[in-house]
Enquirer: 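Following this message is one structure expressed as structure tokens.
Only heavy atoms go into these numbers, but all of them, side chains included; no hydrogens, no water, no symmetry mates. Throughout, a chain's letter reflects where its sequence line sits, starting with A, and its residues are numbered from 1.
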Amino acid sequence: MRFSRLFAPTLKESPAEAEVISHKLLLRAAMIRKVAAGIYTFLPLGNRTLKKIEKIVREEMDGVGAQEILMSALQPSDLWMKSGRWDQYGPEMMRLKDRHNRDFALGPTHEELVTDLAMKEARSYRQLPLTLYQIQVKFRDEIRPRFGLLRGREFIMKDAYSFNLDQDDLEKSYDTMFHAYNRIFSRCGLEFRAVDADTGLIGGNVSKEFMVLADAGEDTVVYCDTCDYAANLEVAKTRTVDAPAGETDDAGEHAVSDGDPCPECDGLLKSAKGIEVGQVFQLGVKYSEAMGATYIDENGDLKPYVMGCYGIGVSRLMAAAIEQHNDEGGIIWPMAIAPYHVEIVVLNYDRDEQRELADDLYNGLDERDIEVLLDDRVESAGKKFADADLIGIPVQVVIGARTLKSGNIEVKIRETGERRDVQLEQAVELIADVVIELTAG
RNA sequence: CGGGGUGUGGCUCAGUUUGGUUAGAGCACCGGUUUUGGGAACCGGGGGUCGGAGGUUCGAAUCCUCUCACCCCGACCA
């Protein structure tokens, strides 16, 4: 892609509305634009990152046998009446009426729809376990949308649902999904923790949240400095001093704090802010019983599905990644979710030598399926460098008269700031290697 | 919803307290010249009616009333 043609109106200053770093940078780097409170348009760069995240999610979901579907965002009220959530959900659900005055909602989640689908189409135990997922827009009329993509009223979510034979079977699906989630967040380059969590309005018994550690987080994560114990503060436990490890106290809200003893070992608890990017639940029979969703087992008896559900805030993940990967200059995208792999900054594109060189390099990298953004704009060097840092493409290649004199171009790693001069003939090869290296983490 | 705050060209903001001629600046944008290794310089140009409605006044961005939007703190969530 040529920067001169790219629709990427970057901003020198942060719009006043943005408070947190990801929001500021998403706006400044021309990833998103606001439509209304908590509602955003994704511009080309932001959309590319979104699609990269979605691709990783799809690969991991498909990899564990989940099947992608796409359900309607617009949902009739009757299924929600059936589950009892039409009344429970409250004003957070965006509701509307059709021309016949029938009630609809813009889906905040899809348990009802997917359960209805399964009970009609997956009648036999032979079809189970069945895991379905989708990546789709969700609507929640949040009391207070804020922080850009971190809490929107319309957002992209991956939601998966497993229909299992029994609790044992559910636990297998849950476990599989849990590991897939770990891979997804690792591949996205995030530092995260899976923590014990409250099940909230979704319901169910067992649940883990995936928290990206970042100061902008709205949740507090409590974790042990010695063992694997980690929990959302809401459900965190501690151990009364002198009690042996393993004998826990159910702690009330805010009762657990830094330095309390770990409930599971002799370590001490610490706390940090976290952004919830995913959650997995063992729902059990909550929805299947409420909706009369049953399958026929091998004896011909009707049994309720034992269900699990698994969500990832895809657009939130994008913001969370920025919260973890930025500096004064702007975003530092992990390679796996960067809009482009390499940005070629050509300081004087109007000079034949530089233009030809840049075009060759561009084509050479393109042939190796490396995604390249070529800054061919007629702008000052300073502006191009600043934009490159802001947009945060992981590898920058600078073509300018200074290094060209000795037959070199410069390769700079966005994250570390490391630069090295590279001979022209070796450039494609070397840049390709750097991209692979950075992809591997 | 409670509390606090802000609405002035695309963005950042000044002007509002103490009403007074054609509403300003920087950035961005358009044309031109010279530039180009860290947000270039100069010349020329376009764009706002001051969130909206109503009111007070000879006169309103400025005062009053209502209203809408947005942001921050709290309760909810991917």
Enquirer: Which distance, rounded to the nearest 0.5 Å, do you find between the CZ of A/Phe42 and the CZ of A/Arg48?
Expert: 15.0 Å
Enquirer: Scan A/Ile312 against the nucleic acid and name what it touches under 4.0 Å (heavy atoms): base, sugar-phosphate only, or nothing.
Expert: nothing
Enquirer: At under 4.0 Å between heavy atoms, what does A/Ala18 touch on the DNA or RNA strands: base, sugar-phosphate, or nothing?
Expert: nothing
Enquirer: Rounded to whole angstrom units, what separation is found between the CG atom of A/Leu27 and the P atom of B/rC70?
Expert: 15 Å
Enquirer: Rounding to the closest angstrom, what is the interatomic distance between B/rA28 and B/rC73 at atom P?
Expert: 32 Å
Enquirer: Rounded off to whole Å, could you give me the CG-to-P distance for the A/Leu190 and B/rA78 pair?
Expert: 18 Å
Enquirer: Whole-Å distance between B/rC71 C1' and A/Lys24 NZ?
Expert: 12 Å
Enquirer: Within this structure, what is the CG-to-P distance between A/Leu150 and B/rC77, rounded to whole angstrom?
Expert: 17 Å
Enquirer: Write down the distance between CZ (A/Arg316) and C1' (B/rC76), rounded to a whole number of angstrom.
Expert: 11 Å
Enquirer: Name the residue closer to the 5' end of RNA chain B, choosing between A/Gly278 and A/Lys34 according to the nucleotide with the nearest heavy atom.
Expert: A/Lys34
Enquirer: Rounded to the nearest angstrom, tell me the gap between atom CZ in A/Arg153 and atom C1' in B/rC71.
Expert: 13 Å
Enquirer: Name the nucleic acid region contacted by A/Glu142, choosing base, sugar-phosphate or nothing; use a 4.0 angstrom heavy-atom cut-off, strictly under.
Expert: base
Enquirer: Which base sits across from B/rC76 as a Watson-Crick or G-U pair, both distances under 3.5 Å?
Expert: none
Enquirer: Report yes if a donor N or O on one partner sits less than 3.5 Å from an acceptor N or O on the other, where the partners are the side chain of A/Arg151 and the base of B/rC77; otherwise report no.
Expert: yes
Enquirer: Who is the Watson-Crick or G-U wobble partner of B/rC42, with both distances under 3.5 Å?
Expert: B/rG32
Enquirer: Taking atom types as they are modelled, is there a donor-acceptor pair under 3.5 Å from the base of B/rC77 to the side chain of A/Arg144?
Expert: no
Enquirer: Start with the C-alpha distance between A/Gln279 and A/Ser207, add both sets of side-chain angles, then the distance that settles side-chain hydrogen bond (donor to acceptor under 3.5 Å, both in side chains), and finish with yes or no.
Expert: CA-CA 7 Å; A/Gln279 187 165 12; A/Ser207 177; 2.8 Å; yes
Enquirer: Partners of A/Glu323 by side-chain hydrogen bond (donor to acceptor under 3.5 Å, both in side chains), sequence neighbours excluded?
Expert: A/Ser22
Enquirer: Taking the nucleotide of RNA chain B with the closest heavy atom to each, which residue, A/Pro15 or A/Gly148, is nearer the 5' end?
Expert: A/Pro15
Enquirer: Could you tell me whether the side chains of A/Tyr362 and A/Asp360 share a donor-acceptor contact shorter than 3.5 Å?
Expert: no
Enquirer: Scan nucleotides 28-41 of chain B nucleotide by nucleotide, 5' to 3', and note B when protein non-hydrogen atoms come under 4.0 Å of the base, S if they reach only the sugar-phosphate, - if neither.
Expert: --------BBBBS-
Enquirer: How close or far is atom P of B/rC70 from atom NE2 of A/His23, stated in whole angstroms?
Expert: 12 Å
Enquirer: Between A/Gln67 and A/Asp62, is any side-chain donor less than 3.5 angstrom from a side-chain acceptor?
Expert: no
Enquirer: In whole angstroms, how far is the P atom of B/rC77 from the CD atom of A/Glu209?
Expert: 10 Å
Enquirer: Does either side chain, that of A/Asp159 or that of A/Gln136, offer a donor lying less than 3.5 Å from an acceptor on the other one?
Expert: no
Enquirer: Rounded to whole angstrom, note down the P distance from B/rU6 over to B/rG48.
Expert: 27 Å
Enquirer: Which base sits across from B/rC70 as a Watson-Crick or G-U pair, both distances under 3.5 Å?
Expert: B/rG5
Enquirer: In the structure shown, which nucleotide is the Watson-Crick or G-U wobble counterpart of B/rU16, with both distances under 3.5 Å?
Expert: none
Enquirer: Pairing check on B/rU21: which nucleotide meets the Watson-Crick or G-U wobble criteria with it, both distances under 3.5 Å?
Expert: none
Enquirer: Would you classify A/Phe139 as touching base, sugar-phosphate or nothing, given that sugar-phosphate means primed atoms plus P, OP1 and OP2, and contacts are heavy atoms under 4.0 Å?
Expert: nothing
Enquirer: In Å and rounded to the nearest 0.5 Å, what is the CG to CG distance from A/Asn164 to A/Leu130?
Expert: 9.0 Å
Enquirer: Angle between ring planes, A/Tyr40 versus A/His23, binned at 30° and 60°: parallel, tilted or perpendicular?
Expert: perpendicular
Enquirer: Measuring only the C1' atom in each nucleotide, how far is B/rA23 from B/rA14? A whole number of Å is fine.
Expert: 11 Å
Enquirer: Return the pairing partner of B/rA61 with a 3.5 Å limit on both distances, Watson-Crick or G-U wobble; otherwise return none.
Expert: none
Enquirer: Rounding to an integer number of angstrom, what distance separates B/rC76 and B/rC11 when you compare their C1' atoms?
Expert: 33 Å
Enquirer: Using the C1' atoms only, state how far B/rG19 lies from B/rG55, rounded to an integer number of Å.
Expert: 15 Å
Enquirer: May I ask you to say what A/Gly152 touches in the nucleic acid, namely base, sugar-phosphate or nothing, with a heavy-atom cut-off under 4.0 Å?
Expert: base
Enquirer: Hey, can you tell me if A/Phe210 and A/Tyr181 have their rings parallel, tilted or perpendicular (30° and 60° cut-offs)?
Expert: tilted
Enquirer: NA contact type, A/Asp141, heavy-atom cut-off 4.0 Å: base, sugar-phosphate, or nothing?
Expert: nothing
Enquirer: Rounded to whole angstrom, note down the P distance from B/rG44 over to B/rA25.
Expert: 13 Å
Enquirer: Please tell me if A/Arg146 has a side-chain N or O lying less than 4.0 Å from either OP1 or OP2 of B/rC73.
Expert: yes
Enquirer: So which nucleotide from B/rC1, B/rC71, B/rU12 ends up closest to the side chain of A/Glu19?
Expert: B/rC71
Enquirer: C1' atom, B/rG4 versus B/rG9: distance in rounded Å?
Expert: 29 Å
Enquirer: Please report the distance separating the P of B/rC29 from the corresponding atom of B/rC71, rounded so that it comes out in whole Å.
Expert: 27 Å
Enquirer: Taking side chain to side chain contact (heavy atoms under 4.5 Å, CB included) as the test, write out the residues that go with A/Glu68, two or more places apart.
Expert: A/Arg58, A/Tyr133
